[in-house]
Amino acid sequence: MNIAFYAPLKPPDSLRPSGDRRMARLLIAALEGQGHSVGLACRLRTRDGDGDPDRQARLSRIGSRAAAGLVNRWSRGPAAKRPDAWVTYHLYYKAPDHLGPAVSAALGIPYVVIEASHAPKRANGPWAASHVAVKRALGQADLVVGLNSRDRGCVSPVMGPSARYLQLRPFLDLAPYAGGSGAPAVPVADPIAAMGLGEERVRLLAVGMMRSGDKLDSYHALARSLKELEHQGNWCLMIVGDGPERATVETMFSRFGDRVRFGGEVDAATLAAYYAHADVLVWPAVREAYGMALMEAQASGLPVVAGDVGGVPDIVRNGRTGLLTPDGDTNAFADAVSRLLVDADLRTRLGQAAMETAVAEHGMDTAGARLGDAVAGLVRERVR
């Protein structure tokens with residue numbers, strides 16, 4: 001099966017790292033792992049973060065021309081090269097899809113949307129045009145795949161009468177993490193010890209890019225929560241990540257002195273080593289869709305303390321694989337961290353359950369099979 005893949009927020013080959021880019025790449029890998037051919041249809045970014053109606057209109061025109069060009073190329077080219085289905089990843093009011101609906105309709109192929117959100121409150125205001133485009137696309141979709149279970153309530157009412165909804169848990173390639181082998185194989189090198197944080201303290205780990213907006217707000221919330229735990233001397237914190245707001249983040253945590261270290265941006269292998277040698281992942285997850293680092297940590301056997309927001313509960317099972325706290329409640333977050341600081345048995349139980357859950361429910365092969373079967377089913381129906 002040939003699949004045309006499109007990500008209007010950010011193309012999967014973007015040079016800027018992000019969880020969005022990571023998931024786009026994982027989706028492609030998951031489908032290819034099931035034997036399908038996936039091609040990047042277009043790199044047009046339709047994101048308008050400022051609510052500029054003129055920009056939205058211009059992007060809509062550009063998208064229409066790009067769609068016409070694709071239809072012309074595929075219609076004139078060999079049939080073997082034409083897509084059997086179109087898949088758009090991450091559709092929302094700031095990044096609508098101006099290509100997929102038109103191309104799918106012209107070629108008579110299924111239109112699939114993965115991770116869509118619909119915000120009725122955007123029907124009026126500066127993003128009204130993009131909101132309409134998202135609603136129109138969802139109304140045409142043959143299949144909508146949700147990665148965040150809390151999106152379904154607003155998405156389902158605007159789907160077409162014959163459209164299907166598939167709830168898919170967020171997933172990742174388990175191979176780099178302890179759960180990938182089914183055994184907690186810890187790498188020899190200990191990057192946390194190399195940064196001067198010893199074994200005598202409970203090792204907290206935070207992983208996140210340092211940029212303005214949600215990520216910076218999460219760092220703010222984490223710093224405020226840890227302030228409540230200054231009197232407990234048995235913890236240290238390793239922060240992995242980098243970005244334009246690094247100086248701001250370092251200032252936030254300067255009060256903790258040598259109990260906090262910064263690892264900067266690291267490669268995947270080094271990050272896996274951080275997970276393997278840490279004791280607890282701590283991340284407030286402010287306005288997080290679901291959080292790739294939360295999945296990576298659990299696949300490494302780490303218990304997680306996170307905010308109960310967005311799709312985070314789709315990953316972290318409160319009381320079983322980690323502890324979730326009310327959104328924005330820094331005192332509750334501090335209390336949850338404190339519980340794990342003093343209860344080593346609880347850390348062990350949650351960590352083991354986290355790894356088992358990651359293997360059973362968040363592996364790429366499982367997700368790829370479910371997604372590939374759903375799309376292939378739509379293609380077969382069109383052929384009959």
Side-chain angles (χ1 to χ4, degrees), residues 1-14 19-43 70-71 73-91 97 99-101 103-116 140-147 162-177 179-182 268 290 292 295-296 299 314 358-384:
M1 182 170 61
N2 294 331
I3 297 174
F5 188 93
Y6 176 52
L9 177 60
K10 178 187 293 185
D13 58 359
S14 168
D20 187 83
R21 185 191 73 170
R22 174 87 179 281
M23 182 51 71
R25 292 178 173 184
L26 282 168
L27 285 164
I28 292 173
L31 288 166
E32 290 179 338
Q34 299 300 312
H36 305 300
S37 176
V38 183
L40 184 59
C42 186
R43 292 181 174 83
L70 288 172
V71 170
R73 174 160 62 88
W74 281 324
S75 297
R76 292 173 178 270
K81 296 291 185 180
R82 294 174 196 161
D84 299 300
W86 178 287
V87 172
T88 292
Y89 166 64
H90 204 171
L91 181 63
D97 180 7
L99 284 79
V103 174
S104 300
L107 297 181
I109 60 176
Y111 176 51
V112 179
V113 174
I114 301 177
E115 195 177 356
Q140 184 180 322
D142 298 283
L143 173 69
V144 177
V145 180
L147 298 176
S162 62
R164 301 169 190 171
Y165 193 97
L166 172 66
Q167 190 64 54
L168 194 69
R169 289 195 184 278
F171 63 92
L172 75 167
D173 180 0
L174 297 171
Y177 312 105
S181 61
Y290 36 81
M292 294 298 297
M295 276 195 294
E296 293 168 347
D314 294 328
V359 172
E361 301 181 21
H362 297 285
M364 185 169 67
D365 290 344
T366 300
R370 290 191 67 204
L371 179 59
D373 287 348
V375 177
L378 293 174
V379 172
R380 288 193 296 270
E381 290 175 5
R382 290 290 179 111
V383 173
R384 287 202 295 266

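What you see is a predicted model, and the numbers here were worked out from it, not measured in a lab. Excluded from the calculations below are hydrogen atoms, water molecules and symmetry mates; all remaining heavy atoms, backbone and side chain alike, are included.
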Item checked: Test item: M23 and F171 side chains (from C-beta on) under 4.5 Å apart, heavy atoms -> yes

Notebook entry, point to check: Taking the side chain as C-beta and beyond, is there a heavy-atom pair between L371 and I114 under 4.5 Å?
Noted result: yes

Checklist line | Heavy-atom neighbours of R73 CZ exceed 12 at 6.0 Å | finding: yes

From [X] atom [atom1] to [Y] atom [atom2], the distance as rounded to the nearest 0.5 Å:
| X | Y | atom1 | atom2 | answer |
| --- | --- | --- | --- | --- |
| M364 | L31 | CE | CG | 10.0 Å |
| L70 | Y6 | CG | OH | 10.0 Å |
| Y177 | M295 | OH | CE | 9.0 Å |
| R169 | E361 | CZ | CD | 4.5 Å |
| L143 | S162 | CG | OG | 11.0 Å |

Margin query: Between R25 and D13, does any NZ, NE, NH1 or NH2 come within less than 4.0 Å of an OD or OE carboxylate oxygen?
Written below: no

Note to self: Regarding R22 and E296, does a basic nitrogen lie under 4.0 Å from an acidic carboxylate oxygen?
What the structure shows: yes

Can you tell me if [X] uses its side chain to pair, donor with acceptor, with the backbone of [Y] under 3.5 Å?
| X | Y | result |
| --- | --- | --- |
| R370 | Q167 | yes |
| R382 | G108 | yes |
| D142 | Y111 | yes |

Next item on the list: Assess whether side-chain contact (heavy atoms from CB on, under 4.5 Å) is satisfied between I3 and M1, documenting all intermediate values.
Entry: CA-CA 6 Å; I3 297 174; M1 182 170 61; 3.7 Å; yes

Checklist line | L27, L9, L147 screened by side-chain contact (heavy atoms from CB on, under 4.5 Å) with H90, the one that passes | finding: L9

Note to self: Given R164, which partner from the list V144, V145, L378, V112 fulfils the side-chain contact (heavy atoms from CB on, under 4.5 Å) test?
What the structure shows: L378

Closest heavy-atom contact between [X] and [Y]?
| X | Y | value |
| --- | --- | --- |
| V113 | A141 | CG2-CB, 4.2 Å |
| P8 | Y89 | CD-O, 3.4 Å |
| A299 | L174 | CB-CD2, 3.9 Å |
| L26 | D173 | CD2-N, 3.7 Å |
| Q140 | S104 | NE2-CB, 4.2 Å |

Checklist line | Worked check of side-chain contact (heavy atoms from CB on, under 4.5 Å) between I109 and V379 | finding: CA-CA 7 Å; I109 60 176; V379 172; over 6 Å; no

Output side-chain donor-acceptor pairs under 3.5 Å for residues 80-88, partner residues at least two apart or in another chain, one line each.
unit_1, atom_1, unit_2, atom_2, d
R82, NE, W74, O, 2.8
R82, NH2, S75, O, 3.2
R82, NH2, G77, O, 3.3
D84, OD2, N2, N, 2.7
W86, NE1, T88, OG1, 2.7
T88, OG1, D97, OD2, 2.7

